[in-house]
Amino acid sequence: MSVTVRVPAKVNVQLAVGRARPDGFHDLANVFLAVGLYDEVTVTPADALRVTCAGPDSDQVPLDRTNLAARAAEALAARYGRDPDVHIHIAKDIPVAGGMAGGSADGAAALLACDTLWGTHASRDELLDICAELGSDVPFSLVGGAALGIGRGEKLTVLDVGGTFHWVFAMAGRGLSTPAVFREFDRLGEGMEIPEPVASQPLLGALAKGDPDALAAAVSNDLQPAALCLFPELAGTLAAGRAAGALAALVSGSGPTTAFLARDAESAVQVAEVLRASGTCRTVRTAVSPAPGATVVEIRR
Ligand code: C5P
């Protein structure tokens, strides 16, 4: 038997970051929006736990126990007192180390796939607890749609989205390490007053209405200055997308993927063409949001 789960990428339409906590993490007000770029994770019984990966940049995906998909299988197996012997295959389409939660997505997908394969029937809350142990963005990958994450980003409140948003994503030539971007955020903020992170009411209103102009006016990412310090060329990508008519241009999460909100599908295609021709990024994709969270798409017996 094998089980396949499809899982979306995310963009953070608001990422408000507080000061570093004693545990090293930062309190966030993190508004996640799932976007229709997907990985597919298939689990099959095997003699031992192993991970394979195919797709663009799959050579950059770790195949050892540091892969969140492997850790998800181990965490669920440990809870249910069984061995985690599965072959996890990741068909990768979400950019690697791009700030779009690709690794987190695979963790959530592997967890749901193993729960289905093993018939462990963990409750939704139990799955969400395991996701939160695996990483701050993993619970959102399970839930999808749109949600406000507080704490480290793992305490979720589902949000209403009243329409379809059209996005263009520009992938950079190299990755950025999330801890390094948070460290740079701390360095840039040294000696400054860092306010408590709070969700923006205009932003939540824009999502609920499905209004791209209002959303464009409200998007923000407190990690963007830090990502730009570590990766200055991203400023050129952002400028190229703005000049191409994007309503908003921002770094996605900790980057280095940049996200461009377009008014409609046609405008997204135009912005994507201009970005492709600009020579300021490696690849360009269009996608719509919201997208559903991790979903079982195939069970083969
Ligand atoms: O939770 P996750 O393992 O995805 O976080 C990766 C890294 O990002 C953490 O080790 C930490 O350096 C940083 N981080 C943070 N505050 C958060 C989430 C992540 O400082 N709320």
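Residues take their numbers from the sequence shown, with the count starting at 1. All ligand and atom numbering here is 1-based and tracks the order in the structure. Being a predicted model, the structure only gives us computed values, none of them experimental.
- Applying the salt bridge (Lys or Arg N to Asp or Glu O under 4.0 Å) test to residues at least two apart or on different chains, the pairs with a partner in residues 16-30 are Arg21-Asp23, Arg21-Asp27.
- Using a 30° and 60° split on the angle between ring planes, His89 and His87 fall in the perpendicular class, above 60°.
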Are any protein N/O atoms closer than 3.5 Å to the N/O atoms of ligand 1? If there are, list each pair with names and the distance to one decimal place.
{"residue": "ligand 1", "atom": "1 (O)", "partner": "Ser136", "partner atom": "N", "Å": "2.8"}
{"residue": "ligand 1", "atom": "1 (O)", "partner": "Ser136", "partner atom": "OG", "Å": "2.5"}
{"residue": "ligand 1", "atom": "16 (N)", "partner": "His26", "partner atom": "N", "Å": "2.9"}
{"residue": "ligand 1", "atom": "20 (O)", "partner": "His26", "partner atom": "ND1", "Å": "2.7"}
{"residue": "ligand 1", "atom": "21 (N)", "partner": "His26", "partner atom": "O", "Å": "2.8"}
{"residue": "ligand 1", "atom": "21 (N)", "partner": "Arg152", "partner atom": "O", "Å": "3.0"}

inquiry  = Quick one, Asp213 with Arg263, criterion salt bridge (charged side-chain N to carboxylate O under 4.0 Å, His left out). Give me CA distance, side-chain angles, the key distance, then yes/no.
reply    = CA-CA 7 Å; Asp213 288 292; Arg263 172 157 287 113; 2.4 Å; yes
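- Contacts classified as salt bridge (Lys or Arg N to Asp or Glu O under 4.0 Å) and involving residues 131-152 (residues at least two apart or in different chains) are given here: Lys10-Asp137, Arg79-Glu133.
- At a threshold of 4.5 Å between non-hydrogen side-chain atoms, the residues Leu68 and Asp106 do not count as touching.
- The ring-ring contact (aromatic ring centres under 6.0 Å, His included) analysis of residues 110-155, with sequence neighbours excluded, yields the pairs Phe32-Phe140.
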